[in-house]
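Both backbone and side-chain heavy atoms feed into the values below; hydrogens, waters and symmetry mates do not. We're numbering straight along the sequence, starting at 1.
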Amino acid sequence: MIEARRLTKHYGDFTAVKEVSFTVAAGEVVGLLGPNGAGKTTLLRMLAGVLTPSEGEGVVDGASTAADAFRVKQRLGFLSGDTALSQRLSPREVLTFFGQLHELEPAHLKRRTEELIARFEMGPFADKPCGTLSAGQKQRANVARAFLHDPPALILDEPTTALDVLSGRFLLDAIRAARDEGKAILFSTHVMGEVDYLCDRVVLLHQGEALDQGPIPEVCARAGVRTLTEAFLHYLPSRSA
Ligand SMILES: Nc1ncnc2c1ncn2[C@@H]1O[C@H](COP(=O)(O)OP(=O)(O)OP(=O)(O)O)[C@@H](O)[C@H]1O
């Protein structure tokens with residue numbers, strides 16, 4: 001459903017992502033893990049079709065990010081780390097605006113907007129200008145926007161950023177529910193607890209390279225350790241030199 005095929009990104013002489021390949025199947029949550037600067041955002045932006053790879057390609061639901069970026073945007077919900085909501089519009093207006101861009105039928109869009117406002121507990125602030133909302137409230141609106149057109153694939157860049165423990169848990173449960181509906185979900189994080197709670201498989205990224213990938217027990221077993229944090233530490237000394 002989501003596929004990275006030898007994705008590579010050079011910024012001048014610097015290689016931010018190097019020949020990374022993996023897949024995310026329908027009904028699966030894959031965690032992209034890596035320390036600051038590992039290349040997670042760069043990789044996710046290439047897969048979402050908003051950043052052109054230097055080499056390789058991304059595929060979402062059969063559509064190539066290079067050849068068919070429009071279809072990729074139809075089939076994908078993308079939560080970007082730097083999404084800025086219009087300061088003057090309310091979350092309800094933002095959802096309506098993006099639903100119109102996705103050409104959702106008006107009655108369906110209205111129902112879907114109400115459903116997401118209820119599901120993400122946005123009622124108390126749904127009609128306030130986004131410029132007046134807290135970071136966590138804005139993040140809920142952004143997540144609702146990614147879910148709006150009910151895409152079969154979701155790419156979420158550090159979705160729990162700015163959320164308190166309760167809101168974060170609430171979002172992780174929403175991701176699980178989406179997985180159970182058969183969606184393919186790829187999300188990035190450096191919070192290992194989220195990964196244990198949510199992920200069927202992980203991709204460990206460091207300095208632009210995939211160190212290992214697979215189900216958590218297998219990744220840990222290959223590194224000869226018990227936790228993902230230890231798995232990272234196992235690989236890092238030889239790479240950071
Ligand atoms: N436009 C750019 N020009 C040059 N270098 C860039 C650019 N964008 C990102 N980089 C570099 O590429 C590397 C990977 O950045 P990226 O934002 O993908 O990492 P990340 O894993 O998402 O980090 P974080 O967890 O801190 O958000 C970093 O060294 C960053 O400085």
Side-chain angles (χ1 to χ4, degrees), residues 2 29 40-41 44-45 47-51 60-61 69-191 193-194 197-198:
I2 302 172
V29 182
K40 302 181 296 296
T41 296
L44 296 186
R45 287 171 61 81
L47 279 168
V50 297
L51 182 67
V60 174
D61 198 21
F70 180 71
R71 184 169 157 78
V72 168
K73 288 189 173 64
Q74 284 179 320
R75 308 299 289 160
L76 179 70
F78 179 46
L79 173 75
S80 141
D82 58 3
T83 306
L85 295 165
S86 163
Q87 299 290 300
R88 276 177 294 174
L89 296 183
S90 68
R92 191 190 305 277
E93 289 168 335
V94 167
L95 293 177
T96 303
F97 175 72
F98 280 95
Q100 287 166 348
L101 283 187
H102 282 294
E103 299 182 344
L104 300 187
E105 188 270 319
H108 170 67
L109 172 56
K110 199 165 174 3
R111 271 197 311 278
R112 182 73 178 150
T113 300
E114 295 313 317
E115 186 186 316
L116 287 169
I117 288 172
R119 184 163 160 196
F120 291 104
E121 295 178 358
M122 291 161 47
F125 58 88
D127 294 303
K128 295 184 179 173
C130 288
T132 67
L133 303 183
S134 75
Q137 290 168 335
K138 284 181 194 158
Q139 185 70 343
R140 283 181 186 229
N142 273 326
V143 174
R145 201 188 105 182
F147 278 65
L148 180 64
H149 56 301
D150 200 21
L154 288 160
I155 293 182
L156 310 171
D157 193 0
E158 300 193 20
T160 53
T161 296
L163 297 181
D164 59 36
V165 175
L166 270 183
S167 306
R169 181 60 177 249
F170 177 80
L171 176 57
L172 297 182
D173 287 339
I175 293 174
R176 270 188 162 180
R179 185 254 313 270
D180 294 344
E181 288 167 17
K183 297 186 190 306
I185 301 154
L186 173 65
F187 85 106
S188 69
T189 184
H190 25 70
V191 183
E194 291 177 1
Y197 183 67
L198 205 56

*Asks:* Taking atom types as modelled, is there a side-chain donor on Ser188 or Asp157 under 3.5 Å from an acceptor on the other?
*Replies:*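 The answer is yes; a qualifying pair exists.
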*Asks:* Taking only residues two or more places apart in sequence or in another chain, which ones pass salt bridge (charged side-chain N to carboxylate O under 4.0 Å, His left out) with Arg179?
*Replies:* Asp200
*Asks:* For Pro151, does its backbone N or O pair with a side-chain atom of Lys183 as donor and acceptor, under 3.5 Å?
*Replies:*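 Yes.
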*Asks:* A side-chain contact here means heavy atoms from C-beta on lying under 4.5 Å apart; do Lys73 and Phe78 qualify?
*Replies:* no
*Asks:* Do Pro159 and Leu172 have side chains that get closer than 4.5 Å, going by heavy atoms?
*Replies:* no
*Asks:* Would you say the side chain of Asp173 lies within less than 4.5 Å of the side chain of Tyr197, judging by non-hydrogen atoms?
*Replies:* yes
*Asks:* I'd like to check Phe187 versus Glu158 (side-chain heavy atoms, cut-off strictly below 4.5 Å). Are they in contact?
*Replies:* no
*Asks:* Report yes if some heavy atom in the side chain of Leu154 is under 4.5 Å from a heavy atom in the side chain of Leu186; otherwise report no.
*Replies:*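 Answer no - side chains too far apart.
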*Asks:* Would you say Glu105's side chain and Ala107's backbone share a donor-acceptor pair under 3.5 angstrom?
*Replies:*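 Flag set: sc Glu105 to bb Ala107 pair under 3.5 Å.
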*Asks:* Apply salt bridge (Lys or Arg N to Asp or Glu O under 4.0 Å) to the pair Glu114 and Arg111, showing each step before the final yes or no.
*Replies:* CA-CA 5 Å; Glu114 295 313 317; Arg111 271 197 311 278; over 6 Å; no
*Asks:* Kindly indicate whether the side chain of Leu109, heavy atoms from C-beta on, has any atom under 4.5 Å from the side chain of Leu148.
*Replies:* yes
*Asks:* Identify every side-chain donor-acceptor pair in residues 116-130 under 3.5 Å, counting partners at least two apart or on other chains, and give the distances.
*Replies:*
residue: Asp127; atom: OD1; partner: Arg92; partner atom: NE; Å: 2.8
residue: Asp127; atom: OD2; partner: Arg92; partner atom: NH2; Å: 3.1

